[in-house]
Protein chains: 2
Amino acid sequence: MASSRYRDIAEQLAAEIAGLAPGTRIEGEHEIAERFGVGRAAARAALQELERRMLVRRVQGVGTFTSRRIDYLISPHQPPSWSRTVNAANSHSRAVIRSCEVVNLVDEIAAVLGRVPGDPGHRLRRRSFIDDLPAAWGIEWIPTDVIGDLATPLRLFDSLDRVLRELAGVTLRRAWARASLETTPFELADELGTSPGDPVWYVESLNEDAETGRLLCFTQRWLRADAIRLIMETGWAGTAPARGGAGAHARISAAVGPDQPVRLPAGPRP
Amino acid sequence: MASSRYRDIAEQLAAEIAGLAPGTRIEGEHEIAERFGVGRAAARAALQELERRMLVRRVQGVGTFTSRRIDYLISPHQPPSWSRTVNAANSHSRAVIRSCEVVNLVDEIAAVLGRVPGDPGHRLRRRSFIDDLPAAWGIEWIPTDVIGDLATPLRLFDSLDRVLRELAGVTLRRAWARASLETTPFELADELGTSPGDPVWYVESLNEDAETGRLLCFTQRWLRADAIRLIMETGWAGTAPARGGAGAHARISAAVGPDQPVRLPAGPRP
DNA sequence: CAGTGGTCTAGACCACGGG
DNA sequence: CCGTGGTCTAGACCACTGG
């Protein structure tokens, strides 16, 4: 069954909200139930469908609002910066420091950073917002030999990228990164404003100085999948991915639709 | 509110099915409603929660079954092969050819493959299965100068990787890849067995010969997010990601839990 | 055909957030 | 306080799959 009342409603609502600015308030469950002449359960199902498609965000006691994802490109050719990524999408970025202290790096972290276990390093935990909505939470590890005092300058600039560039005289570049889609860990549900089990990105990233290759910073970060459209690229310098981003994607995807899949005589049954 | 009846039920069911083999049938909505003494709506909500967490797969008219995701690593250091990935997870891989024909490469595809627009190439469309469940659908473009006849050998070996290696004498290596999480396009819902709007991976990948660097194959592929745990790595040869995969991830993640987030005096309000 | 999940109603009470 | 979304019941009918 491809059609049902709540799907039809979701479809119509999706079309209606397509042109609205992100964050616009839309009708609630009761209003939709009345407007379309259905019970509240069906209206609710329609809105949940939109939430599942990451087109709206619903907050208990407040309402339902249009939403969109911000493109976040992780690529060897792209310097890492949360604030620049968010600002490039014409949204407002903000980071809140949850803790910032100097610790002795445990074995795994020290090894990744090419330091000796027990070496001192900053452990910075931050929550990041897009237009005042929680979108990310992460830990950053920066050996103290990169920068001595981190907490003070971070009160002035949200951007770690900027602090390191201006005060430590280094330029961040990704050495490597690894990303996967997970479900919200129980301990992070509050920080991210999600329910345990909601989809989130988990990203590990090691950054080095673009000029010297010195290892500077190791990051573990969780990103709300409904807030971030993560795009990840691998590739060597000589063979960068075709440019054009979503545009190229859309054009190429168009090649899918036209003709029907064909069963070859010798093919096994689907 | 962190607790509710259906969440508790979902939690208990999650614990119960944790040890079961993938594909095991579990109780239906009616049975769960009876067992826990709740209405069918609550029982249904619990099962939907498990489905959202990608722990079960539900099929109308058939039942509810335990499920798991297969790790699929895309990395410059990892040769691309669907069948080897699936087999490595002790699952059975199968591919069904939906169409295979020689076409004139359109501009975008020809450009990506470093060929002249209009050059002949195979357009191969396949549906891939994991343990006989649809998991992926994709288009592969292979210039005819790489291999003349593709349809015939593919009837013998499901694996394009293997066909090219044994008949064209080339070894596939990723030149670049790009992945993002999308919602199922309407046209692919049937092929993937998902509903439009369900989360799927979209992966573009260009493959070259590992020895000569000659461009061999361009792939566009959609993968069910509930079937594939895609892990993507960037990185140069000199600085490969820390090894250990999920193990390292788990150990490092453990560093999150212990102590509570701390509000710094000067930090802005969350 | 029986049993599964999918949809839907008409109610009800509750938790939450903002005025 | 009111309105929001969150949970839940007790029913009903339907669509789909398999034997």
Side-chain angles (χ1 to χ4, degrees), chain A residues 1-13 23-52 55-67 132-134 189-190 193-198 226 269-270, chain B residues 1-13 23-52 55-67 132-134 189-190 193-198 226 269-270:
Chain A
M1 165 151 71
S3 84
S4 60
R5 195 77 183 89
Y6 86 88
R7 273 181 213 277
D8 294 344
I9 296 172
E11 208 59 45
Q12 179 169 340
L13 291 175
T24 306
R25 187 205 186 97
I26 70 169
E27 297 157 286
E29 297 180 356
H30 302 80
E31 291 161 276
I32 289 176
E34 196 180 353
R35 162 141 83 107
F36 291 93
V38 297
R40 215 190 121 205
R44 179 177 174 74
L47 285 176
Q48 279 180 323
E49 173 76 14
L50 295 182
E51 188 177 34
R52 213 171 52 93
L55 296 175
V56 303
R57 191 182 281 214
R58 320 179 70 204
V59 184
Q60 186 180 43
V62 184
T64 301
F65 305 86
T66 58
S67 171
D132 291 326
L133 293 169
D190 279 348
T194 55
S195 302
D198 285 343
D226 63 348
R269 267 199 40 252
Chain B
M1 168 149 69
S3 83
S4 59
R5 195 76 182 93
Y6 86 86
R7 273 181 213 278
D8 294 344
I9 295 172
E11 208 60 43
Q12 178 169 341
L13 291 175
T24 307
R25 187 204 186 101
I26 69 170
E27 297 158 288
E29 297 180 356
H30 302 81
E31 291 161 276
I32 288 175
E34 196 180 355
R35 161 142 84 107
F36 290 94
V38 296
R40 211 189 125 204
R44 179 175 173 76
L47 285 176
Q48 278 180 322
E49 173 75 14
L50 296 182
E51 187 176 34
R52 214 172 50 94
L55 296 176
V56 304
R57 191 181 281 216
R58 322 179 69 206
V59 183
Q60 187 180 41
V62 184
T64 301
F65 304 86
T66 58
S67 173
D132 291 326
L133 293 169
D190 278 348
T194 55
S195 302
D198 285 343
D226 63 348
R269 268 196 41 249

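Since the model is a prediction, treat every value here as computed from it, not as a measurement.
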Exercise. Under the side-chain contact (heavy atoms from CB on, under 4.5 Å) test, which residues partner Leu133(B), sequence neighbours left out?
Worked result: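 Leu133(B): side-chain contact (heavy atoms from CB on, under 4.5 Å) contacts with Arg57(B).
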
Problem set entry | Counterpart residues, side-chain contact (heavy atoms from CB on, under 4.5 Å), relative to Glu31(A) (two or more places apart) |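 Expected list: Glu27(A).
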
Exercise. Among dG5(D), dC16(D), dT7(C), which nucleotide sits nearest the side chain of Arg44(A)?
Worked result: dG5(D)

Mind calculating the distance between [atom1] ([X]) and [atom2] ([N]) to the nearest angstrom?
| X | N | atom1 | atom2 | value |
| --- | --- | --- | --- | --- |
| Phe65(A) | dT4(D) | CZ | P | 11 Å |
| Arg58(B) | dA15(D) | CZ | P | 18 Å |
| Arg57(A) | dG6(D) | CZ | C1' | 18 Å |
| Gln60(B) | dC16(D) | CD | P | 6 Å |
| Gln48(A) | dG6(C) | CD | P | 14 Å |

Exercise. Among residues 24-34 of chain A, which residues get a heavy atom nearer than 4.0 Å to DNA chain D?
Worked result: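 Going residue by residue through residues 24-34 of chain A, the ones with a heavy atom under 4.0 Å of DNA chain D turn out to be Arg25(A), Gly28(A), Glu29(A), His30(A), Glu31(A).
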
Could you work out, with side chain to side chain donor-acceptor pair (under 3.5 Å) as the rule, every residue matching [X], not counting sequence neighbours?
| X | result |
| --- | --- |
| Arg58(A) | Glu29(A) |
| Thr194(A) | Thr184(A) |
| Gln12(B) | Glu16(B) |

Problem set entry | Which residues share a salt bridge (Lys or Arg N to Asp or Glu O under 4.0 Å) with Asp190(B), sequence neighbours left out |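 Asp190(B) satisfies salt bridge (Lys or Arg N to Asp or Glu O under 4.0 Å) with no residue once adjacent residues are dropped.
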
For this session: Under the salt bridge (Lys or Arg N to Asp or Glu O under 4.0 Å) rule, collect the residues that match up with Glu51(A), sequence neighbours excluded.
Result: none

Quick one: which protein N/O atoms are closer than 3.5 Å to N/O atoms of nucleotides 8-12 of chain D? Pair and distance per line, please.
| from | atom 1 | to | atom 2 | distance (Å) |
| --- | --- | --- | --- | --- |
| dC8(D) | OP1 | Arg5(B) | N | 2.5 |
| dC8(D) | OP2 | Tyr6(B) | N | 3.1 |
| dT9(D) | OP1 | Gly39(B) | N | 3.0 |
| dT9(D) | OP2 | Gly39(B) | N | 2.6 |
| dA12(D) | N6 | Arg40(B) | NH1 | 3.1 |

Exercise. Hey, does Ile26(B) have a side-chain heavy atom less than 4.5 Å from the side chain of Thr66(B)?
Worked result: yes

Seminar exercise, completed: 5'-most contact on DNA chain C (nearest-nucleotide basis), Thr64(B) vs Val59(A), goes to Thr64(B)

